[in-house]
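Structure record follows, encoded as structure tokens.
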There are 2 protein chains.
Amino acid sequence: MPPASSAKASHETPGSASGSRSPRAAASPDPLVEIQLGMAGIFADLADLLGNPSSLGSIYGLLFASPNPLSMEEIVERLGISTGTASQGLRRLVELEAVTPIKAEGERVTRYTAKLELRPFVSAFLNQQLLPRLGKSSDRLASLEEALGGLEPSDQEALRFRISRATKWHNRAKTFLPIIRRFLGST
Amino acid sequence: MPPASSAKASHETPGSASGSRSPRAAASPDPLVEIQLGMAGIFADLADLLGNPSSLGSIYGLLFASPNPLSMEEIVERLGISTGTASQGLRRLVELEAVTPIKAEGERVTRYTAKLELRPFVSAFLNQQLLPRLGKSSDRLASLEEALGGLEPSDQEALRFRISRATKWHNRAKTFLPIIRRFLGST
DNA sequence: TATTCATTTCATTTTGAATTGAAATCTCCA
DNA sequence: TGGAGATTTCAATTCAAAATGAAATGAATA
């Protein structure tokens with residue numbers, strides 16, 4: 001099965017259910033679901049662009065296009081993904097504060113809505129993906145610098161320059177992150 | 001075999017070749033090669049952070065830490081990768097203008113050096129990876145907006161707002177890219 | 001407490017991307 | 001032109017990450 005975003009919907013709005021099914025583009029009879037799946041696809045691509053599993057994006061996209069909260073079961077059946085994927089994906093999205101769980105009183109299920117702000121998303125990505133990796137690389141660069149000792153003088157000079165160049169890149173990237181956050185995080 | 005960055009070197013600086021081999025950390029007897037492999041590892045991580053095959057980064061890192069140009073054969077044996085991977089990786093790096101091929105007169109082999117500037121790298125990444133994807137998403141969003149017609153009025157209102165919100169993000173990201181390029185691209 | 005449905009967990013499976021390696025092709029020199 | 005590398009190509013393989021699904025756990029009602 002293609003990793004989510006494939007159409008499988010059949011619930012909600014029982015009328016006009018089993019009409020003519022054209023071979024391809026049989027997408028969904030319900031225009032709302034159609035838009036939801038479209039949005040799921042868009043966010044799936046975005047997610048994997050940023051190095052996340054695309055199911056994360058699908059789920060967020062579906063919720064983003066849902067006027068009212070959805071339960072995990074609804075998510076599973078609309079996206080055609082497994083409960084395992086849905087459970088883990090929702091957990092992560094809640095951690096990222098991209099999605100809010102709602103436990104209504106007198107209800108057994110938890111329902112979820114997408115937060116419409118970009119900031120938490122971007123922030124989490126920068127803090128959890130980029131910064132740690134940049135930090136690790138910086139450390140490794142520093143330790144390489146200490147290994148310069150055993151080199152022939154000419155090589156030593158050349159490599160010292162290059163390592164410092166790479167270090168400068170890293171620092172620059174690090175100072176740049178807060179700027180990105182501020183810029184993207186106003187809405 | 002772990003995807004490159006594993007030690008396998010045995011050429012260059014023939015002296016002190018087969019000394020005592022401690023079980024782990026048998027890395028490399030030659031301090032230059034050691035630094036080169038370290039740099040290869042750092043750039044391998046960076047590459048896959050940006051969604052490129054890590055072999056690309058390994059090769060670039062090795063060249064970045066090489067005072068003089070290396071042939072494909074030398075790259076293959078130092079990184080322990082296949083000729084196929086090396087060939088394709090070098091081709092891509094040359095396309096990205098991250099690496100310069102040098103065909104010396106009276107020599108049969110092509111040798112390669114790393115460009116030490118960051119700009120072409122960043123530029124290529126932004127232009128080839130980010131911009132096209134953002135553009136595609138924008139188009140898809142636009143076409144979703146047209147599908148709003150068939151919705152109940154209340155849903156329609158809510159979704160129109162959300163789609164425009166997502167579109168705004170995209171535009172913001174697009175206007176932001178040139179700024180990044182300028183900022184990172186001075187060196 | 002027993003029961004039912006929702007959710008989580010995790011060993012297994014799938015899948016797509018990266019890598020391999022060997023054959024085909026190319027290039028240069030004799 | 002022939003031959004010896006150097007390089008490219010690409011079908012087959014490998015591998016890591018993601019997804020599955022079923023059993024275990026959890027939560028709420030009756």
Do B:Gln88 and B:Arg92 have side-chain atoms, one donor and one acceptor, less than 3.5 Å apart? no

Does a side-chain N or O from [X] land closer than 4.0 Å to OP1 or OP2 of [N], or not?
X: B:Arg91; N: D:dT9; value: yes
X: B:Thr85; N: C:dT20; value: yes
X: A:Ser54; N: D:dA19; value: yes
X: A:Ser55; N: D:dA19; value: yes

What is the distance, to the nearest angstrom, from the CE atom on B:Met72 to the P atom on D:dG5? 16 Å

Can you tell me how far P of C:dA6 sits from CG of A:Leu70, to the nearest Å? 15 Å

Under 4.0 Å, counting only non-hydrogen atoms across every strand here, what does B:Thr110 touch: a base, just sugar-phosphate, or nothing? sugar-phosphate

Could you go through nucleotides 24-30 of chain D and list every protein N or O atom that sits under 3.5 Å from one of its N or O atoms, giving the distance for each pair?
| from | atom 1 | to | atom 2 | distance (Å) |
| --- | --- | --- | --- | --- |
| D:dA28 | OP1 | A:Lys103 | NZ | 3.4 |

Should we count NZ of B:Lys136 as having more than 12 external heavy atoms under 6.0 Å? no

Using 30° and 60° as the class boundaries, would you call the ring planes of B:Phe43 and B:Tyr60 parallel, tilted or perpendicular? perpendicular

Mind checking what makes salt bridge (charged side-chain N to carboxylate O under 4.0 Å, His left out) contact with B:Asp155, not counting sequence neighbours? none

Non-neighbouring partners of A:Arg108 that pass salt bridge (charged side-chain N to carboxylate O under 4.0 Å, His left out), sequence neighbours left out: none

Looking at A:Glu74 and A:Ser71, would you say the former's side chain and the latter's main chain have a donor-acceptor pair under 3.5 Å? yes

Has the side chain of A:Glu73 got a donor or acceptor that lies under 3.5 Å from a partner of the other kind on the base of C:dC5? no

